[in-house]
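Convention: sequence-line order gives letters A, B, ...; per-chain numbering from 1.
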Number of protein chains: 2
Amino acid sequence: MENERPAAKAAYHHGNLKAALIEAADMILRDHGIEGFSLREAARRAGVSIGAPAHHFGSATGLLTEVALLGYESLGQALNAVPPTEDPAADLQQLALAYVNFALAHPGRFRLMFRPDLVNRDDPRYSLASTAALTGFATAIGRRKGGMAEIFMVWSSIHGMANLILDGKAKYLFNGATPEDFVANLLPDLLSQAWPFGAGHSPQDCV
Amino acid sequence: MENERPAAKAAYHHGNLKAALIEAADMILRDHGIEGFSLREAARRAGVSIGAPAHHFGSATGLLTEVALLGYESLGQALNAVPPTEDPAADLQQLALAYVNFALAHPGRFRLMFRPDLVNRDDPRYSLASTAALTGFATAIGRRKGGMAEIFMVWSSIHGMANLILDGKAKYLFNGATPEDFVANLLPDLLSQAWPFGAGHSPQDCV
DNA sequence: TTTCCATCTATACAGTGCTCAGATAATCCA
DNA sequence: TGGATTATCTGAGCACTGTATAGATGGAAA
């Protein structure tokens, strides 16, 4: 911090501005959410002039696209951290937990990743990062019962949970718990008791 | 149109500005989505000065809150238009269809309704409108298997579908179909085949 | 050393939400 | 009917935003 800023300010050429701006943008998302982001604030945090980001990213969308790519990468890591066991249904439940946990732990990133107006999806890296993050997830579903339709249904369910909780539409489930407590304590029970895709449920019986 | 605008321009007092601004904002959402909205553009469409809306709504959030209230009202109407039958599971499936259909038919409204940063949820009318829109929906779920947890799971599933489709994350299911075609033709099959809450599935077997 | 070029600064423009003094007219009251 | 009150709306101004462009800077290649 204290040994980078002066160097960055002293040097006309930042040296690593692109990475610094991505980092700064990600920090803004963490601190003030997606609505707190501005290209100028990112430039300010990197200790650089207003117009500097344009050279590296072209536009605000360009910078946010990079952050979204990192977001998908970190989501993929969180999902891949769930070790596959012999019980695909239990795995699926753990994956759901990891997905919701990620959304609550990184709401800014998560929201950005699904905002088509803020991210350039024509960037070929976007579809790569997006699918890469969900492949382990998709195969875990496929081990129970394949098909795009099933993957879509499970994903919808998980994604809907994350969004409803994140948007404050599920407060009646919290019982005064913090988001961390909710994911750690309440959500696992909720998933095993009422989630039709998780352990204790047999999708074959349902179809 | 042509007989309202001149009257609105001629008269210093608009006479019905509050309603006109809400209507204008809703039209902006329809035409250009949530990101195309601006308080100034709403004022422009109503043929009124920039500062006029502030008197009626205080802020942009104030105006958007009114639009969100209308949104919940129209969602409630769409869901209540689904007639209850003797088969609660089939009803649930129709409700899911209506929910997703609403989201795709009114993406601007739908997105606004779930944006906590754009809507004033402290307005007591918000929680009223929000819960009122979903009561019929909730009771239909309750007829199958009660409990807040089940309602949350079904809602999550439906809401997740709507969001993933709306955010362009389910294009692989479309097979080149338009959103209208998708809801009319493909989604019903998808729901009856892969949705664990719909007709053809017995939640009792799953639990 | 000198040229070249990527990088960054400075400035300007059009747009935004919000604030506030003042103009306007509808309404209420005598 | 006439006058005062009050809700309504205007217009200008402030601080902020993203983007475009001309020019300054200095590292790197020749």
- Kindly determine whether A:Lys169 and B:Trp155 satisfy side chain to side chain contact (heavy atoms under 4.5 Å, CB included), including the steps that lead there. CA-CA 10 Å; A:Lys169 299 300 251 178; B:Trp155 189 16; 3.9 Å; yes
- Note on the structure: Whole-Å distance, A:Leu63 CG to D:dG18 P, equals 10 Å
- Message: Distance check needed: C:dT16 P versus B:Leu64 CG, whole Å only.
- Response: 14 Å
- Is there a side-chain polar atom (N or O) of B:His56 under 4.0 Å from OP1 or OP2 of D:dC9? yes
- Mind calculating the distance between NZ (A:Lys18) and C1' (C:dT7) to the nearest angstrom? 13 Å
- Separation of D:dC9 C1' from B:Leu21 CG (nearest whole Å): 11 Å
- Query: In Å and rounded to the nearest 0.5 Å, what is the NE2 to CG distance from B:His56 to B:Leu21?
  - Reply: 7.0 Å
- Message: Ignoring hydrogens and geometry beyond distance, is a side-chain donor-acceptor pair present between B:Asp91 and B:Thr85 at under 3.5 Å?
- Response: yes
- Message: Within the 4.0 Å heavy-atom criterion, would you say B:Gly15 contacts the bases, only the backbone, or no part of the nucleic acid?
- Response: sugar-phosphate
- Task: Under 4.0 Å between any heavy atoms, over every strand shown, what does A:Ala54 touch: base, sugar-phosphate, or nothing? Just pick one.
- Result: nothing
- Between C:dA25 atom C1' and B:Leu17 atom CG, what is the distance in whole Å? 15 Å
- What does A:Ala52 touch in the nucleic acid at a heavy-atom separation under 4.0 angstrom: a base, only the sugar-phosphate, or nothing? base
- Message: Do B:Met153 and A:Leu190 have side chains that approach each other closer than 4.5 Å (heavy atoms only, starting at C-beta)?
- Response: yes
- Query: Between the base of C:dG15 and the side chain of B:Arg40, is there any donor-acceptor pair under 3.5 Å?
  - Reply: no
- Note on the structure: Whole-Å distance, B:Asn16 CG to D:dC9 P, equals 10 Å
- Task: Identify which nucleotide among D:dC9, D:dT17, C:dT16 has an atom closest to any side-chain atom of B:Ser49, counting heavy atoms from C-beta outward.
- Result: D:dC9
- Query: What nucleotide, of D:dT8, D:dT17, C:dC18, holds the atom closest to the side chain of B:Ser59?
  - Reply: C:dC18
- A:Leu39 has an atom CG; how far is it from atom C1' of D:dT19, in whole Å? 9 Å
- Message: Between C1' on D:dG18 and CZ on A:Phe37, what's the gap in Å once rounded to a whole number?
- Response: 10 Å
- Would you confirm whether A:Ser130, through its side chain, and A:Tyr126, through its main-chain N or O, come within 3.5 Å as a donor-acceptor pair? no
- OP1, OP2 of C:dT16 versus side-chain N and O of B:Arg44: anything below 4.0 Å? yes
- Query: What's the closest nucleotide to the B:His55 side chain, out of D:dT8, D:dT17, C:dT16?
  - Reply: D:dT8
